Amino acid sequence: MVGLFNNGEPLLGALVALPLIFALLSLGIPTGTDSGRKILVGFHGLATLVIFGLSLLLLRDYQAQGPEYQFVEKASWIPSLGVQWYLGL
């Protein structure tokens, strides 16, 4: 099985990258006021729900008895050095 819903979407890559993306986006939220802090808390709650939802999709499609890796993502990252992104469960 490759990706989400067998269509090759990079679900594992999203689960790796989204926490960093949400963290970087949260740096732009001003927290000098109470309303800013409330917005930040709400943003982090939303980020948590999005990541949790994606992990539930992964769990739903995971086949525990599968003989091989699942949700495999493989891409050439730095071809001149032979470095690849290779991720799977």
Side-chain angles (χ1 to χ4, degrees):
M1 179 183 300
V2 177
L4 173 64
F5 306 122
N6 291 327
N7 291 329
E9 288 90 355
L11 180 59
L12 283 180
L15 286 173
V16 169
L18 277 176
L20 177 62
I21 291 169
F22 280 125
L24 292 174
L25 289 174
S26 71
L27 291 175
I29 298 174
T31 58
T33 63
D34 284 339
S35 63
R37 285 188 285 277
K38 288 179 183 178
I39 291 171
L40 183 64
V41 168
F43 179 77
H44 283 206
L46 175 66
T48 301
L49 288 175
V50 167
I51 294 166
F52 180 66
L54 287 176
S55 69
L56 288 179
L57 290 174
L58 183 79
L59 178 63
R60 182 197 69 189
D61 291 342
Y62 183 73
Q63 298 172 359
Q65 304 303 320
E68 56 188 39
Y69 288 109
Q70 299 173 44
F71 307 102
V72 174
E73 298 174 21
K74 186 175 182 180
S76 181
W77 188 14
I78 307 172
S80 61
L81 297 176
V83 178
Q84 297 180 341
W85 171 263
Y86 201 179
L87 188 62
L89 288 179

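Residues: numbered from 1 along the sequence shown. No experiment lies behind these values; they were computed from the predicted model shown.
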Just say parallel, tilted or perpendicular for the rings of Phe43 and Phe22, cut-offs at 30° and 60°. perpendicular

Taking all non-hydrogen atoms of both residues into account, name the closest pair between Pro19 and Ala14 and its distance. CD-O, 4.4 Å

If you compare all heavy atoms of Arg37 against all heavy atoms of Asp34, which two are closest, and at what distance to 0.1 Å? NH2-OD1, 2.6 Å

Spell out, yes or no, whether Trp85 and Val83 are grouped together once hydrophobic residues are joined by side-chain heavy atoms under 4.5 Å, including indirect joins. no

Check for me, please, whether Leu18 and Phe71 land in the same ILVMFWY cluster - side-chain distances under 4.5 Å, paths through other members count. yes

Measure the spacing between OG of Ser26 and CD1 of Ile39 and express it to the nearest 0.5 Å. 13.0 Å

Taken to the nearest 0.5 Å, the spacing of Lys38 NZ from Thr33 OG1 works out to 9.5 Å

Pairwise distance CG(Leu89) to CG(Asp61) - rounded to 0.5 angstrom: 11.5 Å

Where is the tightest heavy-atom contact between Gln63 and Gln70, given as atom of each residue plus distance? O-NE2, 2.5 Å

Give me the atom names and distance for the closest heavy-atom approach of Ser55 to Leu15. N-CD2, 4.0 Å

Decide whether Tyr62 and Leu58 are clustered together by the hydrophobic rule: side chain heavy atoms of Ile, Leu, Val, Met, Phe, Trp, Tyr closer than 4.5 Å, transitively. yes

Compare all side-chain heavy atoms of Leu54 with those of Ile51 and state whether any distance is below 4.5 angstrom. no

Nearest heavy-atom pair of Leu87 and Gly13: which atoms, and what distance? CD2-N, 4.0 Å

